[in-house]
Every structure is written in structure tokens, then in C-alpha cells.
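See below for the structure under consideration.
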Amino acid sequence: MPELPEVETVRSGLEPLLSGRQIRSVICHRSSLRYPLPDLSLLTDLTVKGVRRRSKYLLFDFDGFNSLLAQTLVWHLGMTGQFHVLPQQAKIGAHEHVCFNLNDGQSLRYRDARRFGYAGLSQTEELEEHAWFTVLGPEPLTDDFNLAHLAEACAGRKAPIKNVIMDASIVVGVGNIYASESLFRAGIHPTRAAGKISARRLALLVNVIRQVLSEAIAAGGSTISDFVHADGKPGYFAHSFQVYGRQGEGCLHCSKAIKRIIQAGRSSFYCSGCQH
DNA sequence: CTGAAGACCTGCCTGC
DNA sequence: TGCAGGCAGGTCTTCA
């Protein structure tokens with residue numbers, strides 16, 4: 001499900017429902033997702049301070065308690081992970097693996113059919129040194145992601161540009177959909193060797209990645225309420241993609257048929273008329 | 001070192 | 001209707 005805009009949408013939807021709430025109990029219906037879950041019972045009696053995001057990770061910050069230092073629960077949604085806030089008496093749904101009971105009668109539920117999601121617990125002040133974070137590149141919507149950075153990452157590389165912009169050590173948050181959409185807007189063919197793209201075109205790529213992700217966040221932001229409601233029907237799928245999933249249909253600019261190829265095991269979509 | 005391919009899981013859609 | 005096959009928004013490990 002989630003690329004950066006979707007995770008950001010989840011974050012902004014959860015924050016007001018969780019901030020200031022206390023965890024009364026945690027029920028795990030499964031001890032392991034992609035990796036073994038941490039001991040979530042450590043969060044009992046702690047109060048949620050806020051919900052942040054880094055890359056595609058959700059960060060739930062908790063106040064310390066007694067001798068316990070401030071803790072941060074780190075959660076990656078994988079492909080199909082979803083959080084919902086439901087009344088505690090709501091019955092357990094299919095693939096619902098973890099339930100956090102809150103002091104306001106609600107519960108935070110984690111559901112994940114494919115179980116590619118994973119979680120970890122860290123002291124808040126040591127979060128930056130966590131192995132999951134030390135390997136990450138800059139956030140695409142900050143100034144740290146710029147032409148100089150991307151040009152250095154691409155220099156001399158023969159790997160296709162699509163693989164490079166999806167590499168989280170270069171820039172985080174660009175998943176399979178937004179990689180295709182960004183390359184279309186930049187007019188760059190997804191198989192082009194990263195090291196053979198001019199600085200002018202890389203500068204354009206930096207800008208369109210920002211633009212595409214920002215627009216998607218704005219679109220997702222309007223459907224937060226859908227997300228937290230019981231049926232969990234995600235409304236933010238309704239983005240209008242220009243190439244993703246449109247193979248065989250006409251390009252919106254030049255009318256040539258959109259093509260689909262496989263790169264690194266993932267589908268890529270592009271227009272052979274507009275992208276070189 | 002780089003880049004490609006396989007692995008992890010389940011559900012859903014398509015076509016025979 | 002039933003079933004095989006392909007596909008899915010992520011990331012880590014293994015192999016050439």
C-alpha cells in the first residue's frame with residue numbers, strides 16, 4: 001500500500017487520535033511479522049506524545065515512565081499494513097495482528113495480510129543510530145535532496161535511473177508508482193543509465209519528484225477520515241496516474257500507447273514518445 | 001564493488 | 001464454478 005505520501009497520510013490521520021492517549025494494554029495475536037515483534041507490553045501505561053514519519057516508517061513517540069526513558073515505536077507498513085482506530089469492543093478482523101487498547105475506550109489495530117510489515121522499539125534519543133535509519137538518504141521534500149546530491153549518486157552508475165531513485169540510501173520515499181510517474185513528468189526513460197543523464201535533466205527530475213509527492217500528499221490528506229473509519233476502505237488510491245497501470249492506453253500528451261516493462265522485478269510504465 | 005534475481009506472504013483478478 | 005497463473009504500493013539476502 002504505502003509509499004511516502006500514503007505513510008504521511010496515515011501519520012497525519014493517526015496523530016490527533018493518539019496524541020495524549022495512554023496505552024492501557026497491548027494484545028499481540030502473532031509474535032512475528034516480517035521480523036519478530038519487540039516486547040510491546042513495555043508500552044503499557046505510557047502516553048503517546050506524537051506521531052512522526054521518517055522515510056516510510058511511522059514513529060510513535062512515548063513519554064518515559066518511572067525509570068524508563070522516552071521510547072519510540074518504529075513501524076513499517078510493508079506492502080499491506082494498515083492502522084485503524086476502532087472501539088475496543090469491535091471484533092478482531094482478519095489479519096489483525098496487534099491491538100493497542102487506549103485509555104479513551106478506543107483501540108489502535110494493526111492489520112497486515114501479507115505480513116511484510118515490521119516494528120521495533122528504541123529509546124527516542126538513540127533513534128538516529130538505529131540500523132534502519134543510518135542507511136537512509138535524505139527526505140525528498142527537504143533541501144538535502146537537491147541536484148548536487150542526486151548528481152553525485154548517479155555519477156558513473158550504469159544502473160537504470162528508476163532503480164536509482166527507488167534506492168532509499170539515495171533518496172527515501174520514492175516507491176514503484178511515484179518512480180514511474182516522476183520519470184514520465186521529467187521525460188526520462190526508466191531504463192536510461194543513471195550516469196548518462198545531463199545535470200539539466202537531473203535537476204528537472206529532482207523538481208518533479210518533489211512535485212509528484214507533494215501533490216499525492218495533498219490528495220491523500222483529503223481522505224484521512226476514510227482511513228480511520230471502521231471499514232478501513234482507503235480513499236487515497238484515487239490519484240489520477242498518468243502512466244502507472246495504464247499500459248496499452250494512450251499517453252495523455254502524445255497519444256502513443258503506454259508501455260509496461262519489468263525492471264528489478266517491478267513493473268515500470270512509460271511513454272516511448274515522451275520519455276528518452 | 002555493482003546490479004539482477006529471489007525471497008518473504010496472502011489476496012484478488014483474469015482467463016481457460 | 002473451479003482452478004492455475006500472474007500480479008500487487010517494500011526491502012532484505014543471495015548470487016553472478
Side-chain angles (χ1 to χ4, degrees), chain A residues 1-11 29-37 53-58 74-83 93-98 110-120 130-137 140 152-184 190-196 209 212-213 215-217 219-220 223 227 232-248 259-269:
Chain A
M1 172 214 301
E3 296 188 33
L4 186 149
E6 287 71 29
V7 178
E8 180 57 30
T9 299
V10 171
R11 187 208 66 74
H29 302 109
R30 173 178 286 280
S31 63
S32 189
L33 297 171
R34 177 169 184 171
Y35 308 121
L37 286 167
R53 178 191 60 73
R54 168 72 172 112
S55 182
K56 295 168 188 165
Y57 295 93
L58 288 166
V74 181
W75 209 295
H76 196 295
L77 301 172
M79 293 274 238
T80 52
Q82 297 177 315
F83 277 108
H95 306 296
E96 207 169 274
H97 307 305
V98 183
Y110 180 70
R111 185 152 75 187
D112 189 346
R114 287 172 77 179
R115 303 204 302 271
F116 285 174
Y118 50 100
H130 195 292
W132 292 341
F133 295 110
T134 54
V135 296
L136 295 180
E152 187 186 344
C154 290
R157 291 198 56 180
K158 293 179 183 160
I161 185 64
K162 174 166 182 264
N163 300 11
V164 169
I165 61 174
M166 287 180 68
D167 181 341
S169 69
I170 292 167
V171 58
V172 303
V174 181
N176 201 41
I177 290 177
Y178 298 116
S180 280
E181 292 295 315
S182 299
L183 290 169
F184 172 72
T191 64
R192 177 157 293 274
K196 298 217 161 171
I209 286 172
V212 165
L213 294 178
E215 287 174 17
I217 289 171
T223 55
F227 174 77
K233 195 73 184 167
Y236 46 82
F237 283 22
H239 303 313
S240 56
F241 301 129
Q242 297 185 62
V243 287
Y244 188 86
R246 297 191 63 241
Q247 71 272 27
K259 295 194 170 156
R260 171 178 176 267
I261 55 171
I262 303 294
Q263 290 181 277
R266 316 292 300 276
S267 291
S268 298
F269 301 87

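Below, chains carry the letters A, B, ... as their sequence lines are ordered, and counting in each starts from 1. The figures that follow rest on heavy atoms only: side chains count, while hydrogens, waters and symmetry mates do not.
On the P atoms, B:dC1 is 22 Å away from C:dT11, given to the nearest whole Å. Rounded to whole Å, the P atom of B:dC9 lies 25 Å from the corresponding atom of C:dC3.
In this structure, the CE atom of A:M166 is 9 Å from the C1' atom of C:dG9, given to the nearest Å. For A:F116 and B:dG6, the CZ to P distance is 15 Å, given to the nearest whole Å. Here C:dG10 presents its P atom at 15 Å from OH of A:Y35, a figure rounded to the nearest Å. As a whole-Å value, the separation of A:D167 CG from C:dC12 P is 10 Å. Spacing between atom OH of A:Y57 and atom C1' of C:dC12 amounts to 10 Å, rounded to whole angstrom units. To the nearest angstrom, C1' of C:dT11 lies 11 Å from CG of A:L136. Here C:dC12 presents its P atom at 13 Å from CZ of A:R266, a figure rounded to the nearest Å. For A:I161 and B:dA4, the CD1 to P distance is 13 Å, given to the nearest whole Å.
Between the side chain of A:E3 and the backbone N or O of A:Y178, at least one donor-acceptor pair lies under 3.5 Å.
Two residues are said to be in side-chain contact when any heavy atoms from C-beta on lie closer than 4.5 Å; A:H95 and A:H97 meet this criterion. Contact annotation: the side chain of A:V10 never approaches that of A:P2 to less than 4.5 Å [non-hydrogen atoms, C-beta and beyond].
Contact between the side-chain N/O atoms of A:S267 and the OP1/OP2 oxygens of C:dA8 is found at a separation under 4.0 Å. Contact between the side-chain N/O atoms of A:H95 and the OP1/OP2 oxygens of B:dC9 is not found at any separation under 4.0 Å. For C:dG9, neither phosphate oxygen OP1 nor OP2 lies less than 4.0 angstrom from any side-chain nitrogen or oxygen of A:K56. At C:dC12, none of the side-chain N or O atoms of A:R34 fall inside 4.0 Å of OP1 or OP2 (strictly under the cut-off). For A:H76 and C:dT11, the shortest distance from a side-chain N or O to OP1 or OP2 is below 4.0 Å. For the pair A:Y118 and C:dT11, the criterion of a side-chain N or O lying under 4.0 Å from OP1 or OP2 is not met. Considering only side-chain N and O atoms, A:R260 lies under 4.0 angstrom from the phosphate OP1 or OP2 of C:dC7. For B:dG3, one of the phosphate oxygens OP1 or OP2 lies less than 4.0 angstrom from a side-chain nitrogen or oxygen of A:R157.
Ring to ring, A:Y57 and A:F133 are close: their centroids are under 6.0 angstrom apart.
Nucleic acid contact class of A:N163 (heavy atoms, under 4.0 Å, all strands): sugar-phosphate only. No engagement by A:G265 is indicated, since no non-hydrogen atom pair under 4.0 Å with the nucleic acid exists. In this structure, A:A159 reaches the sugar-phosphate backbone alone: every heavy-atom distance under 4.0 Å involves primed, P, OP1 or OP2 atoms, never a base.
Ranked by how close their nearest DNA chain C nucleotide is to the 5' end, A:R114 and A:A168 are led by A:R114.
Between A:Y118 and the choices A:Y110, A:W132, A:W75, the ring pair (Phe, Tyr, Trp, His ring centres under 6.0 Å) rule is met once, by A:W132.
With a cut-off of 3.5 Å on both Watson-Crick or G-U wobble distances, the partner of B:dC9 is given as none. Base pairing annotation: C:dA4 forms a Watson-Crick or G-U wobble pair with B:dT14, both donor-acceptor distances under 3.5 Å.
Of all non-hydrogen atoms in A:I161 and A:L183, the two that sit nearest each other are CG2-CD2, 3.8 Å.
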